[in-house]
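In this text, all values refer to a predicted model and were calculated from it rather than measured experimentally.
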Amino acid sequence: MSDDAPTIPYWHLWTDADGVSHQTKCALTHFEMKAMGAGAAPQWQGSRTHDGMTVMVTVQPVGWVGEWHENPRPQWIIPLSGRWFVESMDGTRVEMGAGEISFGEDQNTTKTNGRTGHKSGTIGDQPAVLMVVQFDSPPTVGQPCRFA
C-alpha cells in the first residue's frame, strides 16, 4: 500500500465579486489514512462536510441543452456515465465524463451579454447520468477551490 496521499481533481464553477462565473481546475488533497468504522481496513479519507444535503441521480437525454442558468444550490456533480459539458460566463467550456467531478457554485451571477450562471448539455450519442449532491448552505462568492 502506498503512503502517498491521493490528489483528486475537480472543476469549480464559481462566481466572482462582479457576478461573472468562472471555472477553475482544483484538487482535493487533504486525506488521512484511517478506518471508516470499527473492523474496517484503513483507507484514504478526505475532509467531511457537515451540512443538510439532498442526493439525487439525474439523466440528461441525448441532445439535451440547459441554456444559461444558475445551479439551484451549491452542488457536487459526479458523472456516472455518458459525457456532458459546462460553459461558464467567461467562455470557458469544460467537458467531463464518468468520474470527473464538478462543484457547481455559480449562484449570484449578474446577467451579462445574455449570459447568467452557466450553459450545460450532453455530448455524444449517450445520455449523461449524473449524481448530484446539493448543499443546504448558501454559496460562497469569490472563493475558487474552496475545497481541498
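- Expressed to the nearest 0.5 Å, how far OG1 of Thr7 lies from CG of Leu28 amounts to 9.0 Å.
- Ring orientation note: the planes of Phe147 and Tyr10 are nearly perpendicular, at an angle over 60° on the 30°/60° scale.
- For the pair Phe135 and Thr49, the minimum side-chain heavy-atom distance is below 4.5 Å.
- Following chains of ILVMFWY side-chain contacts shorter than 4.5 Å, one cannot reach Trp64 starting from Ile77, and the two form parts of different hydrophobic clusters.
- Following chains of ILVMFWY side-chain contacts shorter than 4.5 Å, one cannot reach Met33 starting from Met36, and the two form parts of different hydrophobic clusters.
- Using modelled atom types and a 3.5 Å distance limit, the side chains of Ser81 and Gln126 yield no donor-acceptor pair.
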### Query
Which is it for Glu100 and Arg83 under the side-chain contact (heavy atoms from CB on, under 4.5 Å) test, yes or no, and what are the steps along the way?
CA-CA 10 Å; Glu100 296 178 285; Arg83 294 190 60 73; 3.8 Å; yes
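- Across all non-hydrogen atoms, the minimal contact from Glu70 to Asp106 is CG-O, 3.4 Å.
- Judged by distance alone, with hydrogens and angles left aside, the side-chain atoms of Asn113 form no donor-acceptor pair with the main-chain N or O of Arg115 at under 3.5 Å.
- Scanning both residues, Leu130 and Pro79, for their nearest heavy atoms gives CD2-CA, 3.7 Å.
- The structure places CD of Gln23 at 7.5 Å from CG of Asp90, a figure rounded to the nearest 0.5 Å.
- More than 12 heavy-atom neighbours from other residues, nucleotides or ligands sit within 6.0 angstrom of CE on Met56.
- Between the side chains of Gln60 and Thr122, no donor-acceptor pair of N or O atoms lies under 3.5 Å.
- In this structure, the side chains of Asp18 and Thr110 stay at 4.5 Å or more apart for every pair of heavy atoms.
- Here the side chains of Phe103 and Arg146 are in contact, with some heavy-atom distance below 4.5 Å.
- Pairing each heavy atom of Ser88 with each of Leu13, the nearest pair is CB-CD1, 3.7 Å.
- Gln107 is listed as a side-chain neighbour of Asn71, based on a closest heavy-atom distance under 4.5 Å.
- Checked by atom type and distance alone, the side chain of Thr24 never pairs as donor or acceptor with a backbone atom of His12 at under 3.5 Å.
- The two residues Val141 and Asp16 make their nearest non-hydrogen contact at CG1-O, 3.7 Å.
- Both Ile101 and Met131 belong to a common hydrophobic cluster when Ile, Leu, Val, Met, Phe, Trp and Tyr are linked at side-chain heavy-atom distances under 4.5 angstrom.
- Judged by distance alone, the side chain of Gln45 and the main-chain N or O of Lys34 form a donor-acceptor pair under 3.5 Å.
- The minimum heavy-atom distance linking Ser21 with Gly117 is given by the pair OG-O, 2.5 Å.
- Closest approach of Val65 and Lys119 over heavy atoms only: CG1-CE, 3.8 Å.
- No side-chain heavy atom of Ser102 sits less than 4.5 Å from a side-chain heavy atom of Val94.
- In this structure, the side chain of Glu105 engages the main chain of Thr140 through a donor-acceptor pair within 3.5 Å.
- Inspection of the Ser137 and Asp51 side chains reveals an N or O donor paired with an N or O acceptor under 3.5 Å.
- Rounding to the nearest 0.5 angstrom, the gap separating the OG1 atom in Thr92 from the NZ atom in Lys25 is 13.0 Å.
- Listed by chain and number, the hydrophobic cluster partners of Met89 are Val20, Trp68, where partners are ILVMFWY side chains within reach of under 4.5 Å, directly or through others.
- The line from CD of Gln43 to CZ of Phe31 is 11.0 Å long, rounded to the nearest 0.5 Å.
- One side chain, Thr116 or Thr109, offers a donor N or O that lies under 3.5 Å from an acceptor on the other.
- Across His69, Arg93, Glu87, a single residue satisfies side-chain hydrogen bond (donor to acceptor under 3.5 Å, both in side chains) together with His118, and that is His69.
- No hydrogens or angles considered: nothing links the side chains of Ser120 and Trp84 as a donor-acceptor pair under 3.5 Å.
- Cluster membership check: Trp44 shares its hydrophobic cluster with Ile78, using side-chain heavy-atom separations under 4.5 Å among Ile, Leu, Val, Met, Phe, Trp and Tyr.
- Under a hydrophobic clustering in which Ile, Leu, Val, Met, Phe, Trp and Tyr are joined whenever their side-chain heavy atoms come within less than 4.5 Å, directly or via other members, Val57 and Trp76 fall into the same cluster.
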